[in-house]
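Structure record follows, encoded as structure tokens.
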Protein chains: 2
Amino acid sequence: MKLRQLEYVVEVIKQGLNITNAAGSLHTSQPGISNQIKALEEELGVSIFERNGKHITRLTRAGKDLVGHFVRVLEEVEVIEKTAADYADPNRGSLTIATTHTQARYVLPSIITQFVEKYPDVSLHIHQGTPTQIAEMTATGMADLAIATEALELFEGLCLLPCYRWNRCVMVPKGHPLVKEHLLTLEAVSQYPIITYVFGVADRSVINKAFLERGLDFNVVLTAADAEVIKTYVRNGLGVGLVARMAYDRKQDQDLQVLDAGHLFEASVTSLAIRRNVRLRDYIYDFIEMFSPHIKRATVEEAMAVNDTKLQQALFEEHVAKAKTR
Amino acid sequence: MKLRQLEYVVEVIKQGLNITNAAGSLHTSQPGISNQIKALEEELGVSIFERNGKHITRLTRAGKDLVGHFVRVLEEVEVIEKTAADYADPNRGSLTIATTHTQARYVLPSIITQFVEKYPDVSLHIHQGTPTQIAEMTATGMADLAIATEALELFEGLCLLPCYRWNRCVMVPKGHPLVKEHLLTLEAVSQYPIITYVFGVADRSVINKAFLERGLDFNVVLTAADAEVIKTYVRNGLGVGLVARMAYDRKQDQDLQVLDAGHLFEASVTSLAIRRNVRLRDYIYDFIEMFSPHIKRATVEEAMAVNDTKLQQALFEEHVAKAKTR
DNA sequence: AGTCGTTACGATGCCCGTAAGGATA
DNA sequence: TATCCTTACGGGCATCGTAACGACT
């Protein structure tokens, strides 16, 4: 039995039982995979794949039973490699962060700056996407960690850590009538056309919920996936922007006026997700702590060790309570 | 990284950091191991062993951290092999039982007979030894399961399942004065020289405890490791035998008389031990159930899954309650 | 002097990639 | 016909065992 053989089997399954595609993604030849899998099957004395003529149709019962163990072996091998890398050179390696526009544009820059200064030999990659894409990238191992406010909890195999609490603000052009309001109210805001996030980004549903609970009609004239686009239309006078508070840039947004809306909406929590059963490099633990100081290495390891779904939920709630407001 | 390299490292450690011995036990050459380990260290970028000139002195910090993972990979590989073997041919394979004389001679024969009839293609091995040896053989994987009354609980990495409860009897030559006693008492027994087990076998301490609690002097003239030896001296008139009840053989021991002593001593429990994190072949589960019908496959798997020492203890006690008297 | 690990070297055999063959949709 | 897996084959490379070397106890 060879590790390569296990990898091949797992990749063929990942590629939907297609050896050709697996060969492509593993940068090797079809016959190589075909032969190795056959050799493995012969050594084990059981077929892993059911073949109809010259096509793979599905896993055999033995195959289904075995694949889980294959995956566990390969996961453990990965742990070995990462552990060794940390001893070999704790400050060299790569870090891939999957995140949303909001985090990448407004929250991460200062932390990233700190991080690259401390770890100049770590090559950093930021993948931007929707919360769902982010979660998937992390679950499949393409990214080391995910940072987002939504949809991370949906993925099996991810370990979730709440980082910070945030709320929204209203952005208007200078001199807008809303500025004169003594204390901003939902009623006042609802008088104007609203520009805000699309659903699935930045916990949009919280906004709808707030208006609906007060029985207010509100007119969303435009939705966008990120605050920069929203701000552009606010500048054009299309309506009032309803965005995350951290999306306000003191220097670049001097032509806009910000009205805090923290008292109008339920706070949202931005979380960080990592794949379970993975060893993180030392510098990743450090990054996490830079990003969210209350999450120490021990906190992460504790959360990773919890396997029961209910306990996970309980631990998550406990951490939510500790998350500070940004 | 190759599985063979991981095996080599683990074996070298098992052999007390001696490559030469590891080569011997793995049936390969020293240079092969030396080179493979060096290749692994190079690939991982860290030294696993500390070398003083040309001698291995100890594990490096990285080595200590990594070896645990190596072992886990190899354990999982073993699970794969056993699982595959069960699909390939569920009734072919081998079963190695490590046990004491008492079990091997008096308890196992009937079960073994049943078993070989049901599984003629399983090659059966019985290793006899002291409880400590038995436990060690099982912990190191030399034996699939251990059956004994003592010392099994001392080994980390073993999963313990209570099988049955048993007690002792007094064996005397025909016509011995003790036979006339209406109900056997410790006082009566203590009047005669006693022949029984050595310490460390068949829960000998229970015997001492019973006499001491009653404040009785008792005279052990001879101790032996197994009941056959004890019976021989009883036949020679050296004293009365105090042995496990199941050591009485109706046919061969017709010249001896048996007096039950179940009311005089605390019952002992014979247990079965298996190594943790191991997949057992289907027929081994069947053997266990033949041996101890209340232990089903699910019972074993449940006990194996419990990792916390205290919970293990609790589960064990619970099973002890279910163990029947033989 | 003996034990033990490393280096050197030649032969074996495994594995990879290319090319061709056959089966299915 | 297009897709896809298998078989066949030749070249390259890793690995194994023997033998010699060097270091430590």
Side-chain angles (χ1 to χ4, degrees), chain A residues 1-60 62-64 66-67 70 73-74 77 81, chain B residues 1-60 62-64 66-67 70 73-74 77 81:
Chain A
M1 189 182 319
K2 279 157 202 156
L3 290 173
R4 199 172 332 109
Q5 297 172 331
L6 306 187
E7 278 170 33
Y8 284 1
V9 170
V10 170
E11 187 61 29
V12 167
I13 293 168
K14 265 193 191 159
Q15 297 290 338
L17 302 179
N18 184 316
I19 294 188
T20 308
N21 293 353
S25 85
L26 292 171
H27 306 291
T28 182
S29 67
Q30 288 133 350
I33 296 192
S34 191
N35 285 328
Q36 287 303 322
I37 290 181
K38 181 163 287 189
L40 177 63
E41 289 180 323
E42 190 148 332
E43 181 182 342
L44 294 178
V46 290
S47 297
I48 294 167
F49 296 109
E50 249 174 42
R51 292 160 172 85
N52 182 0
K54 296 216 169 177
H55 284 248
I56 289 177
T57 56
R58 56 174 187 168
L59 282 168
T60 61
K64 278 181 203 155
L66 289 170
V67 169
F70 291 1
V73 168
L74 297 175
V77 166
E81 284 165 349
Chain B
M1 189 183 317
K2 279 158 203 156
L3 289 173
R4 202 177 323 113
Q5 296 172 330
L6 306 186
E7 279 170 32
Y8 284 1
V9 170
V10 170
E11 187 61 30
V12 167
I13 294 167
K14 266 193 191 159
Q15 296 290 339
L17 301 179
N18 184 317
I19 293 188
T20 309
N21 293 352
S25 84
L26 292 172
H27 307 290
T28 184
S29 66
Q30 289 133 349
I33 297 192
S34 191
N35 285 328
Q36 286 303 322
I37 291 181
K38 180 163 290 189
L40 177 63
E41 289 179 323
E42 190 148 331
E43 182 183 342
L44 293 179
V46 290
S47 298
I48 294 167
F49 296 110
E50 250 173 40
R51 294 162 172 83
N52 182 0
K54 297 217 169 178
H55 283 250
I56 290 178
T57 57
R58 55 174 186 168
L59 282 167
T60 60
K64 277 181 202 154
L66 289 171
V67 169
F70 290 3
V73 168
L74 297 175
V77 166
E81 285 166 346

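Chain naming here is simple, since letters A, B, ... match the order of the sequence lines and numbering starts at 1 in each. Any value given below was found using the heavy atoms of this structure, including those in side chains, with hydrogens, waters and symmetry copies removed. A quick note: this is a predicted structure, and the numbers were derived from the prediction, not measured.
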Please report, rounded to the nearest Å, how far the [atom2] atom of [N] is from the [atom1] atom of [X].
X	N	atom1	atom2	answer
B:Ile48	C:dG5	CD1	C1'	16 Å
B:Gln36	C:dG5	CD	P	16 Å
B:Glu41	C:dT6	CD	P	8 Å
A:Glu42	D:dT7	CD	C1'	14 Å
A:Ile56	C:dA23	CD1	C1'	14 Å

Rounded at 0.5 Å granularity, tell me how far [atom1] in [X] sits from [atom2] in [Y].
X	Y	atom1	atom2	value
B:Asn35	B:Tyr8	CG	OH	10.0 Å
A:Gln30	A:Ile19	CD	CD1	8.5 Å
B:Ile56	B:Ile13	CD1	CD1	9.0 Å
A:Leu17	A:Leu59	CG	CG	6.0 Å
B:Leu26	B:Arg4	CG	CZ	11.0 Å
B:Gln5	B:Ile33	CD	CD1	12.0 Å

Reading 5' to 3' through nucleotides 17-25 of chain D, protein heavy-atom contacts under 4.0 Å coded B for base, S for sugar-phosphate only, - for none: BBB---SS-
Counting only side-chain nitrogens and oxygens, does [X] get under 4.0 Å of the OP1 or OP2 atom of [N]?
X	N	result
A:Lys38	D:dC5	no
A:Ser34	D:dC5	no
B:Arg51	C:dT6	yes
B:Tyr8	D:dT15	no
B:Arg4	D:dC16	yes

Sub-4.0 Å heavy-atom contacts from residues 10-23 of chain B onto DNA chain C, ordered by number: B:Leu17, B:Asn18, B:Ile19, B:Thr20
Any donor-acceptor N/O pair, A:Asn52 side chain to A:His55 backbone, under 3.5 Å: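 Here the side-chain-to-backbone pair does not exist.
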Sidechain-backbone polar pair: A:Thr60 side chain, A:Glu50 backbone, donor-acceptor under 3.5 Å: no
Please list, one pair per line, the donor and acceptor atoms closer than 3.5 Å that link side chains of residues 40-48 of chain B to other protein atoms, with sequence neighbours excluded.
residue : atom : partner : partner atom : Å
B:Glu41 : OE1  : B:Arg51 : NH1          : 3.2
B:Glu41 : OE1  : B:Arg51 : NH2          : 3.1
B:Glu41 : OE2  : B:Ile48 : N            : 2.7
B:Glu41 : OE2  : B:Phe49 : N            : 3.2
B:Glu41 : OE2  : B:Arg51 : NH1          : 3.2
B:Glu43 : OE1  : B:Met1  : N            : 2.7
B:Glu43 : OE2  : B:Met1  : N            : 2.6

